[in-house]
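Only one structure is covered here, and it is reproduced in the block below.
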Amino acid sequence: MSVPAAAASVFGDELGRATAYADLLATRGLEWGLMGPREVDRIWDRHVLNSVAVGHAIAPGASVVDVGSGAGLPGIPLALARPDLRVTLLEPLLRRANFLTGVVEELGLGERVEVVRGRAVGPDDKDPLGHHAQYDVVTSRAVAALPRLLAWCVPLMAPTGSIVALKGSSAAAEVSDAAADVARHRLKAEAIPVTTHDGADPTWLVVCTR
C-alpha cells in the first residue's frame, strides 16, 4: 500500500508510525473484521488522513476521548498528528478493545494514548461498562446521528469542554434538524468544513460548545 505524499506534511516525524498503523488496518484490521475489503485501497485518504481533521478544532494540550473508537478512528491518527494531546480510546466491544490495545502497544503510544473498554452513558446509568470521566474534547466518527450522539457525549464533556464530531457533507442539515436536541442540552452547534491537506476535499466537523 503506497503512502500518499500528503501524509508526510500531516504527520511529520510520526509518519513512520502512521504508516505502520495504516498497514495494521489493512492487515489485522481486515482479518478481525474491523475494516471491509473495499476499504483497503482507501485507508489513507478515507480513514487515516480524514481523521486528522478533528485536530483543527482542538486546543493544544487537551484531553480527548474518542467515543466508539472501533479501529482507532479518529483517535489514533489524531494522537499521531497531535502529540501534544492525551487521547482515550473508548470502545465497549471486547474484540475491538483488544485490537486497540495491541495497536497502541505496537506503535509505542502508551504514554499518551489509553484504551478503555467502556461506553458513554448518562451520569446516573448503572451500566457496568459505563465510563464517567470528563474530557476537554469528546470526539467521534460515524457513530450515530447527532441527537443520539449528544446523549452519549454530553456527560463526558468537561464544564468548558466541546464535542467535535466527524460528519459527512450533510453536516449543516444535521445540525439544523437537531436544533431542539442541541438546545435541550444547552449547547451551541455549528458545521465547519476543514481541509486536512493541500488538494483534499473538505471534511465536515460538527462542533458543539456550551
Side-chain angles (χ1 to χ4, degrees), residues 10 46-70 72-92 112-114 116 118-125 127 129-197 200-210:
V10 170
R46 184 169 182 173
H47 299 289
V48 178
L49 290 170
N50 175 265
S51 291
V52 175
V54 298
H56 289 260
I58 299 177
S63 61
V64 181
V65 60
D66 176 12
V67 173
S69 189
L73 302 162
I76 291 178
L78 175 64
L80 291 169
R82 291 284 304 277
D84 59 299
L85 303 177
R86 291 163 289 131
V87 178
T88 297
L89 308 177
L90 184 63
E91 172 54 52
R112 51 192 170 91
V113 179
E114 178 186 13
V116 173
R119 59 172 55 92
V121 296
D124 300 320
D125 197 303
D127 188 327
L129 288 180
H131 187 61
H132 300 285
Q134 291 191 324
Y135 300 85
D136 299 323
V137 178
V138 185
T139 190
S140 69
R141 179 178 185 267
V143 170
L146 191 54
R148 181 175 293 182
L149 191 65
L150 290 175
W152 292 338
C153 293
V154 168
L156 297 174
M157 292 173 64
T160 58
S162 62
I163 297 170
V164 181
L166 269 169
K167 291 288 185 176
S169 58
S170 61
E174 188 170 351
V175 168
S176 178
D177 291 344
D181 296 274
V182 172
R184 186 169 64 252
H185 289 288
R186 300 181 180 180
L187 299 177
K188 296 176 290 183
E190 60 179 328
I192 302 172
V194 172
T195 302
T196 58
H197 58 276
D201 293 331
T203 294
W204 285 87
L205 306 179
V206 170
V207 180
C208 302
T209 56
R210 298 190 191 277

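Heavy atoms only: backbone and side chains are in, while hydrogens, waters and symmetry mates are out. A quick note: this is a predicted structure, and the numbers were derived from the prediction, not measured.
Heavy-atom contacts from other residues, nucleotides or ligands closer than 6.0 Å to CZ of Arg148 number 12 or fewer.
Contact of the Pro159 side chain with the Gln134 side chain is registered, since non-hydrogen atoms from C-beta on lie closer than 4.5 Å.
Rounded to the nearest 0.5 Å, atoms CG (Leu78) and NE2 (His56) are 10.5 Å apart. Here His185 contributes atom NE2 and Leu150 contributes atom CG; the two are 5.0 Å apart, rounded to the nearest 0.5 Å. A distance of 10.0 Å separates CG in Leu89 from CG in Leu73, rounded to the nearest 0.5 Å. Note: Asp201 CG to Thr196 OG1 = 9.5 Å, rounded to the nearest 0.5 Å. Note that the CH2 atom of Trp152 and the CG atom of Leu90 stand 11.0 Å from one another [nearest 0.5 Å]. With rounding to the nearest 0.5 angstrom, the CD1 atom of Ile163 is 8.0 Å from the OG atom of Ser140.
Listed by first and then second residue, the side-chain hydrogen bond (donor to acceptor under 3.5 Å, both in side chains) pairs that reach into residues 171-181 are Lys167-Glu174, Asp181-Arg184, sequence neighbours excluded. Sequence neighbours left out, the pairs with a member in residues 74-86 that pass side-chain hydrogen bond (donor to acceptor under 3.5 Å, both in side chains) are Arg82-Asp84.
In terms of modelled atom types and a separation under 3.5 Å, the side chain of Glu114 and the main chain of Thr88 share no donor-acceptor contact. Arg210 contributes a side-chain N or O that, together with a main-chain N or O of Met157, makes up a donor-acceptor pair within less than 3.5 Å. For the pair Arg141 (side chain) and Ser51 (backbone), a donor-acceptor distance under 3.5 Å is absent.
Scanning all heavy atoms of the two residues, the minimum distance from Val67 to Cys153 falls at CG2-SG, 4.2 Å. Across Gly75 and Val87, no two heavy atoms sit closer than the pair O-CG1, 3.9 Å. Between Pro74 and Leu166, the shortest heavy-atom contact is CB-CD1, 4.0 Å. Contact between Val143 and Gly68 at its shortest, heavy atoms only, is CG2-O, 4.1 Å. Taking each heavy atom of Leu205 and Ala53 in turn, the nearest pair found is CD1-O, 3.6 Å. Closest heavy-atom contact between Leu156 and Ala133: CD2-O, 3.2 Å.
By the side chain to side chain contact (heavy atoms under 4.5 Å, CB included) test, Thr209 is found to be paired with Ser162, Lys188, Val207, residues two or more places apart in sequence or in another chain being considered.
Side-chain N/O atoms of Thr139 and Asp66 include no donor and acceptor closer than 3.5 Å.
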